[in-house]
There are 2 protein chains.
Amino acid sequence: MTDMQACDATKADLAATETGELLLQNQVCFSLYSAANAIVRAYRPVLDAIDLTYPQYLAMLVLWANDGINVKDMGTQLHLDSGTLTPLLKRLETKGLLDRRRGANDERVREIWLTQAGKKLKEQARDIPNTMFCKSELPLEELIALKATCDKLLSKIT
Amino acid sequence: MTDMQACDATKADLAATETGELLLQNQVCFSLYSAANAIVRAYRPVLDAIDLTYPQYLAMLVLWANDGINVKDMGTQLHLDSGTLTPLLKRLETKGLLDRRRGANDERVREIWLTQAGKKLKEQARDIPNTMFCKSELPLEELIALKATCDKLLSKIT
DNA sequence: TGCAACTATATTGTGTGCAATTTAATTGTG
DNA sequence: CACAATTAAATTGCACACAATATAGTTGCA
């Protein structure tokens, strides 16, 4: 009743042939993909004020809550790997927001530490969540439900 | 009661200071962004079988329903611009799936026409929507609600 | 009709995402 | 203790997204 309920062959065949599953209009994933792109676009003017991209802002969120975290643990939180994070963190280092230090015990590990400028930026970011909330113009309950479904979907397909 | 309900200053201040809005765990947008990335990853092994990326697959969906569409109209449907679509369509042309013809009436317009191989690929893609539906392991109703909220969000922030 | 405004596409440059591979350091095991 | 297996980052290569700009081609209107 839970796992396979969605994969009943008869249901699936009916859906594919009669409701046009190969139409863009019927693709949940496309809606999610488009909404995610739109979110990054909507953040842009807001984040321009503090000279961050959206992924850079996410990395800063992690650091503001976990100063000194290493690349692997940041990657676990952000669902991103070193191929994405290493150059991103180098750019934030160039901006003077953080330092990338080798771990004292384990030379393989790269610890990411906020600079004073990096810590200070948190104050300027204080209003961003509410600004974006207002941009969405969606009821809080609907956003909460959206987050719950996205989190569930992520855990299922990862 | 509708537009500004979310932006009440007192509510917002409370939320920011007391519930930690600058925490990754409380970011709806981050969940959406991560789920969208995960979707592209989940499509990869499925689409490898027909040698398409996820954005290329979306472009093919548009073409299978609108053969001969131009770049601008495809961009409207996909919420993507020529900066993204021109190189993507060139890659699909190189694969032999489509032709890029100049419009007969208007030389500025680029019409995209499926080749025989491009049309034939639709048969091989027939099962993909259901395969992905099964991967998600989410009830149909929840996916429908997810799509509705994403579509609403997209229209609000665009 | 001339030509400025507009439109469709293409190009350039920057920053992701991510698979695959490489490099260097650490750990487990005989 | 040697050394294969493992691990953390970094690197490489490719394909997006998208802002900004460039290039043609078309249209409107004085």
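Please read all numbers here as calculations on a predicted model, not as lab measurements.
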For this session: Using the six-membered ring wherever Trp is involved, compare the ring planes of B/Phe30 and A/His79 and label them parallel, tilted or perpendicular (cut-offs 30° and 60°).
Result: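 Parallel: the ring planes of B/Phe30 and A/His79 meet at under 30°.
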I need the [atom1]-[atom2] distance between [X] and [N], as an integer number of Å.
X	N	atom1	atom2	answer
B/Arg102	C/dA10	CZ	P	5 Å
B/Gln56	D/dA15	CD	P	8 Å
B/Asp106	C/dT9	CG	P	8 Å
B/Met74	C/dT9	CE	P	11 Å
B/Tyr57	D/dA15	OH	P	20 Å
A/Glu107	C/dT23	CD	C1'	14 Å
A/Leu88	D/dA9	CG	P	15 Å
B/Arg110	D/dA24	CZ	P	13 Å

For this session: Answer whether the closest heavy-atom distance between the side chains of A/Leu58 and A/Gln77 falls below 4.5 Å.
Result: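 No. Closest side-chain heavy atoms not under 4.5 Å.
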For [N] and [X] - does any side-chain N or O of the residue sit under 4.0 Å from the phosphate oxygens OP1/OP2?
X	N	answer
B/Asn70	C/dA8	no
A/Lys90	D/dT11	yes
B/Tyr33	C/dT16	no
A/Arg41	D/dC18	yes
A/Thr86	D/dA10	yes

Exercise. What pair of heavy atoms forms the shortest contact from A/Cys150 to B/Ser31, and how long is it?
Worked result: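 The pair with the smallest heavy-atom distance is CB-O, 3.7 Å.
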Problem set entry | Nearest heavy-atom neighbours spanning A/Asn26 and A/Gly20 |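 What the structure gives for the nearest pair is ND2-O, 2.7 Å.
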Problem set entry | B/Lys95 NZ: over 12 foreign heavy atoms closer than 6.0 Å | yes
Have a look at [X] and say if it touches a base, only the backbone sugar-phosphate, or nothing, with a 4.0 Å heavy-atom cut-off.
X	value
B/Leu85	nothing
A/Thr53	sugar-phosphate
B/Asn105	sugar-phosphate
A/Arg91	base

Problem set entry | Which nucleotide in D/dA19, D/dA8, C/dA8 has an atom nearest any side-chain atom of A/Arg44 | D/dA19
For this session: On DNA chain D, check which nucleotide each of B/Pro55 and A/Arg100 is closest to and give me the residue with the more 5' one.
Result: A/Arg100
For this session: With rounding to the nearest 0.5 Å, note down the distance linking CZ in B/Arg108 to CG in B/Asn70.
Result: 11.0 Å
For this session: Ignoring hydrogens and angles, answer whether the base of C/dT26 and the side-chain atoms of A/Arg108 contain a donor-acceptor pair closer than 3.5 Å.
Result: no
Problem set entry | Upstream residue (5' side of DNA chain C) when B/Gly83 and A/Ser82 are each assigned their closest nucleotide |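 The residue whose closest nucleotide sits nearer the 5' end is B/Gly83.
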